[in-house]
Amino acid sequence: MDWLIPLATFLVNEILSQPAYLVGLITAAGLIALKKTAGQVVGGAIKATLGFLLIGAGAGLVVSSLGPLGGMIQGATGAHGVIPTNEAIVGIAQARFGARVAWLMILGFAVALMLARFTPLRYVFLTGHHMLFMATLLTMVLAPSGRSSVSVVVVGGLLLGILLVAMPAFAHPWTKRITGNNSIAIGHFGTAGYVVAGVAGQLVGKRSRSTEDMKLPEGLRFLRDSMVATALSMVLIYVIMSLAYLARVGRATAFKSFAAGGGSAAGDLGNYVMQSVMQGLQFGIAVAVILFGVRTILGELVPAFQGIAGKLVPGAVPSLDAPIVFPYAQNAVLIGFLASFAGGLVSLALLAWVGHPALGLALVLPGLVPHFFTGGAAGVYGNATGGRRGAAVGAFLNGVLITFLPALLLKVLGAFGKENTTFGDADFGWFGTLIGTAAKAGGTAGILVMPALGAVLLGAAILFQKRVVDTGWDPGARRDAFLAGAASAASAATLSSGTAAASAPAPVPGHAKIAPPAGAPAPPPPPATG
């Protein structure tokens, strides 16, 4: 039986933790179920795989572009503390718990498929690296408590399986608000931040127009191109921060900022500034690559899921990574990133002022990568229900969450809490803290509390699915009604004043649904009845 451990490790590390392979295989299975030809199956699977590889390539470019900027911000502000990086903490834990993580992830994915088949939660979680991250976190908080490997895998696998179907359900009303249909769900463990952003949009954005309806002077029309606007914004941020860093640390240190990762140190001030400009432009390219990858995968994976729905999980909805919502509101992504980072800075100040001295919480520095991906997605969710104001406020709150929650999580990670990194996204923080606190109880109490927490979460998700999602609740309906009423009143006032001829009603400010990106598939037709 010793061969099972290497096999499980291989499946997790080389296939299931690689979302491109996983999505390609699932796309192929769906196309086979639809009885497509061999050529269509192979072509569709490869194209879906390439779409995810494009997203990964764009994400890698984002990380590479933001690396020097993060160092500049820390150097310019003099801040020191923990930097949340999922990949770093997972790499540290894998060396000690690799086999248990592998088995826990496989069991968790199997439990999730069973729950998707036999409960109303028809979500199939396809973000393989986030499955691996959550499996690692659960192992980290369960294993040090002295429990056997079998109990760690079984309890952790059940909890992981529940999370994989529950979290997409809680976010789904806001996800449908973004996409306009039921074709995809969000499969990313920043869900708490996205729900908070969507709710914040409902509360503060009643009169706010969409970020995509921004009115620009004729001379600034070029900023309507999201790639241009993103690149220009990052160029300005980079140049400002590089000059602030230079003023604080001097030329000898500042000129080495771009030497990491195979780059070359700046030779003089002009070269230093232009390297900053180039980093900002590369960030714009990275975002464009991600958006193209999203469009590619939407065109292949969603139709293939019709086959999976018919054979394995009736009504299956693919749950995909956070960038899947980026094309629906590209201006909101940039606004969300900046607002989330601002929330991280404000939260860091609060931690330094109150949380660290009074509660012993670690200082969590705002990592640019989690703030870009989760903040950008939170901006899209906030915009969907509250326009520009919702995007800014919702993403700001996301920044607060991904600063305070990792600080709380460090308290339950035991020896791993002394590392200079931790998990960065919101769901790792709140769920890891809950399970870690229960695990510390030890004995029978801890064993009973953890499955009970999972059962409560599953029950709440099923109830939410039946009472909220399935009833078609639209979290932005009141805002749409208000904007429609305002537009009608404005039109009536114009007509009564005689300043315009009676014609078609004035367009409604804002939007009822965000337009899908080019190439996004239409939702499948409802099944025939009778």
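Atom set for the values below is all heavy atoms of this structure, side chains included, hydrogens, waters and symmetry mates excluded. If you read the sequence from its start, that first residue is 1, and numbering goes on from there.
- Every residue meeting the ring-ring contact (aromatic ring centres under 6.0 Å, His included) condition with F428, not counting sequence neighbours, appears here in chain and number order: H130, F189, F423.
- With sequence neighbours left out, the ring-ring contact (aromatic ring centres under 6.0 Å, His included) criterion links Y238 to no other residue.
- The side chain to side chain donor-acceptor pair (under 3.5 Å) analysis of residues 391-410, with sequence neighbours excluded, yields the pairs S340-N398, T374-N398.
- Note: F372 and F326 have perpendicular aromatic rings, judged against thresholds of 30 and 60 degrees for the angle between ring planes.
- By the side-chain hydrogen bond (donor to acceptor under 3.5 Å, both in side chains) test, T27 is found to be paired with no residue, residues two or more places apart in sequence or in another chain being considered.
- At a threshold of 4.5 Å between non-hydrogen side-chain atoms, the residues F404 and V364 do not count as touching.
- With sequence neighbours excluded, no residue forms a ring-ring contact (aromatic ring centres under 6.0 Å, His included) with F373.
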Evaluate the side chain to side chain contact (heavy atoms under 4.5 Å, CB included) criterion for residues F170 and L457: first the C-alpha distance (whole Å), next the side-chain angles of each, then the deciding distance (0.1 Å), finally the verdict. CA-CA 10 Å; F170 288 126; L457 182 64; 3.6 Å; yes
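- Between D480 and R177, at least one side-chain N (NZ, or NE/NH1/NH2) sits under 4.0 Å from a carboxylate O, which counts as a salt bridge.
- Sorted pairs that involve residues 387-406 and meet salt bridge (charged side-chain N to carboxylate O under 4.0 Å, His left out), not counting sequence neighbours, are lacking altogether.
- Applying the side-chain hydrogen bond (donor to acceptor under 3.5 Å, both in side chains) test to S276 and every residue at least two apart in sequence or in another chain returns S242.
- At a threshold of 4.5 Å between non-hydrogen side-chain atoms, the residues L246 and F255 count as touching.
- When the side-chain hydrogen bond (donor to acceptor under 3.5 Å, both in side chains) test is applied to Q202, the partners found at least two apart in sequence or on another chain are W174.
- Between T175 and Y381, the side chains place a donor N or O and an acceptor N or O closer than 3.5 Å (distance only, hydrogens not considered).
- Every residue meeting the ring-ring contact (aromatic ring centres under 6.0 Å, His included) condition with H172, not counting sequence neighbours, appears here in chain and number order: Y123.
- The backbone N or O of N331 sits less than 3.5 Å from a side-chain atom of E212, completing a donor-acceptor pair.
- Residues L413 and L137 have side chains in contact (heavy-atom distance under 4.5 Å, counting atoms from C-beta outward).
- In this structure a side-chain-to-backbone donor-acceptor pair under 3.5 Å is missing from D321 to P323.
- In this view, L361 and L351, L359, A407, L408, K411 satisfy the side chain to side chain contact (heavy atoms under 4.5 Å, CB included) rule, not counting sequence neighbours.
- Here D427 pairs with T191, W430 under the side-chain hydrogen bond (donor to acceptor under 3.5 Å, both in side chains) rule; sequence neighbours left out.
- With N383 contributing its side chain and G379 its backbone, the two residues share no donor-acceptor pair below 3.5 Å.
- V380 has its side chain out of reach of Q330: every pair of non-hydrogen atoms, C-beta onward, lies at least 4.5 Å apart.
- Scanning for salt bridge (Lys or Arg N to Asp or Glu O under 4.0 Å) contacts around K47 gives E300, with sequence neighbours left out.
- The closest donor-acceptor contact from the side chain of T49 to the backbone of Y21 lies at 3.5 Å or more, if one exists at all.
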